[in-house]
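In listed order, ligands and their atoms are each counted from 1.
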Amino acid sequence: MKIDLPFHQSWIGEEEHLEVADTLSSGWLTTGPKTKKFEEAFSDYIGCKHAIALNSCTAGLNLALEVQGFPDGDEVITTPMTFPATANVILLQRMKPVLVDIESGTLLIDPKKIEEKITPRTRAIIPVHFAGHPCDMDTINTLAERYNLLVIEDAAHALETKFKGKKVGNMGNTTSFSFYANKNITTGEGGMVVTDDDDLAEQFQTMRLQGISRDAWKRYGKSGYTHWEQKMAGHKCNMSDINASIGIHQLKKIDTFLEIRRNYVAMYDRGFADVPELETLIRHNDSDHAHHIYIIALRLEQLTVDRDEFLDAMQESGIGVAVHYIALHLQPYYVENFNTKPQDYPIASNYSERIVSLPLYPKMSEADVERVINTVQDLIIKFRR
Ligand SMILES: Cc1ncc(COP(=O)(O)O)c(C=O)c1O
């Protein structure tokens, strides 16, 4: 099998190459002026007060939770339809992830089912703006206020997302974004945690670099050595200037990239509108979608193959595909440690068996998108019952 249309390819231009080269020849490779420039441009883009650049989105989620110092065993509500990172940070803080099933059609955490999972030990909600579509932040924030919960947005998919005109990154206590290789913009590996809270921002700065005082990154700089102080036991999850050099230019292209993906999504929507064996996801009119992932859900009862056979057939045709996601409660770790069963989260279980993610990125051409549509349509005809 040879995949000639990969599931994802980053689009790195001349500008990124030149900026990285400039950083390499500057002699300053770790967190420094380029990281600062990227942080400033990013907080302008989101419209928030503070943006702290990290080596991943996971690190941002982790800092947001760790800084609160919640007692072991306290609970955090999130969705099963997510990447392990979202709940790993809860587990690593020795807290308990409490999963709430998703909504049919959008695959977002079901806002109607959150309240029944809130207990006296619930401390936070981590909504995941899945695929780039925002969660119902009105309901989530109302519940958070009523029960005094923290809201930490997992915006790994949602750089460009708006909920009712409000940019993601301005609705929770903190928000974490990802610049992992396949994200809407990339720094190779990287993330950004944002907040409007001055104290939190100060703590994140310290926590990302061993708990040493905030400007410690300057300690070998041109202004000469100055003493630094350790304030806490911190992490090592700062972004380097090499990664930030890529981010500075990727961010400038974010709207252009989105426009291209939006066009491809419209092509996919048209291509699959009259295929009854396929379900495409619902997008709410009152929100701006970041179009990070395009998902089709197979109506398996109308087909002679299961999802994995369909994935194989796509790949045999040379087209890269993926699955976002097989839900957390179906993963061996959760089955073994929490005794989870498919019927605990029936909607997430059902979609986990029948979703397929198709390629969606600016580096592909309209002809590539047409090829994906034709291949899906042909396979559906071939496997139709
Ligand atoms: C929903 C979600 N949350 C968090 C992450 C973690 O992002 P990172 O790899 O930048 O830590 C990912 C990564 O793919 C993700 O998809």
Side-chain angles (χ1 to χ4, degrees), residues 7-8 10 35 38-39 42 51-66 76-93 97 99-100 102 106-109 124-135 137 140 151-161 168-169 172 174-194 204 207-208 235-240 243-244 246-247 250-251 281 289-295 320 322-329 331 333 348 351-352 355 357 359-361:
F7 177 69
H8 184 81
S10 304
T35 304
F38 183 38
E39 289 174 335
F42 194 81
I52 296 104
L54 305 170
N55 62 5
S56 70
C57 169
T58 310
L61 295 170
N62 192 51
L63 297 188
L65 211 48
E66 184 174 306
V76 180
I77 288 177
T78 193
T79 170
M81 186 51 82
T82 188
F83 193 60
T86 316
N88 276 348
V89 301
I90 304 170
L91 292 160
L92 291 171
Q93 293 302 320
L99 305 179
V100 171
I102 55 169
T106 63
L107 279 61
L108 294 168
I109 192 168
I125 305 176
I126 306 187
V128 177
H129 304 299
F130 179 78
H133 192 198
C135 297
M137 293 306 288
I140 289 170
V151 176
I152 300 169
E153 293 175 90
D154 180 339
H157 299 180
L159 276 159
E160 307 91 334
T161 304
V168 160
T174 48
T175 306
S176 196
F177 296 91
S178 177
F179 311 122
Y180 177 67
N182 68 3
K183 294 298 188 282
N184 287 355
I185 64 167
T186 187
T187 58
E189 296 281 356
M192 193 77 81
V193 66
V194 309
F204 293 155
M207 290 168 88
R208 75 171 166 182
H235 293 268
K236 181 70 169 78
C237 56
N238 51 311
M239 178 178 279
S240 83
N243 298 85
I246 305 172
Q250 288 274 297
L251 188 59
L281 298 191
H289 202 294
H291 298 302
H292 176 52
I293 305 170
Y294 193 94
I295 291 176
V323 174
H324 298 86
Y325 297 95
I326 294 175
L328 294 182
H329 67 287
Q331 300 295 340
Y333 175 81
Y351 277 103
S352 294
I355 47 181
S357 304
L360 178 66
Y361 50 96

Identify each donor-acceptor pair in which a side-chain atom of residues 53-63 lies under 3.5 Å from a protein atom, sequence neighbours left out, and give them as a table.
unit_1: Ser56; atom_1: OG; unit_2: Thr58; atom_2: N; d: 3.4
unit_1: Ser56; atom_1: OG; unit_2: Ala59; atom_2: N; d: 2.9
unit_1: Asn62; atom_1: OD1; unit_2: Gln93; atom_2: NE2; d: 2.9

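Ring geometry, Phe42 versus Phe38: the interplanar angle exceeds 60°, so the pair is classed perpendicular (tilted spans 30 to 60°). Using a 30° and 60° split on the angle between ring planes, His292 and His157 fall in the tilted class, from 30° to 60°.
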May I have the N/O to N/O pairs between ligand 1 and the protein that fall below 3.5 Å, each with atom names and distance to one decimal?
unit_1: ligand 1; atom_1: 3 (N); unit_2: Asp154; atom_2: OD1; d: 3.1
unit_1: ligand 1; atom_1: 3 (N); unit_2: Asp154; atom_2: OD2; d: 2.7
unit_1: ligand 1; atom_1: 10 (O); unit_2: Cys57; atom_2: N; d: 3.0
unit_1: ligand 1; atom_1: 10 (O); unit_2: Ser178; atom_2: OG; d: 2.7
unit_1: ligand 1; atom_1: 11 (O); unit_2: Cys57; atom_2: N; d: 3.3
unit_1: ligand 1; atom_1: 11 (O); unit_2: Thr58; atom_2: N; d: 2.9
unit_1: ligand 1; atom_1: 11 (O); unit_2: Thr58; atom_2: OG1; d: 2.4
unit_1: ligand 1; atom_1: 14 (O); unit_2: Lys183; atom_2: NZ; d: 2.7
unit_1: ligand 1; atom_1: 16 (O); unit_2: His157; atom_2: NE2; d: 2.8
unit_1: ligand 1; atom_1: 16 (O); unit_2: Tyr325; atom_2: OH; d: 2.8

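No donor-acceptor pair under 3.5 Å is formed between the side chain of Thr161 and the backbone N or O of Val168.
No more than 12 heavy atoms of other residues, nucleotides or ligands sit less than 6.0 Å from atom OH of Tyr180.
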Practice problem: Quick one: do His324 and Ser357 satisfy side chain to side chain donor-acceptor pair (under 3.5 Å)? Show the steps, please. | Solution: CA-CA 7 Å; His324 298 86; Ser357 304; 2.8 Å; yes

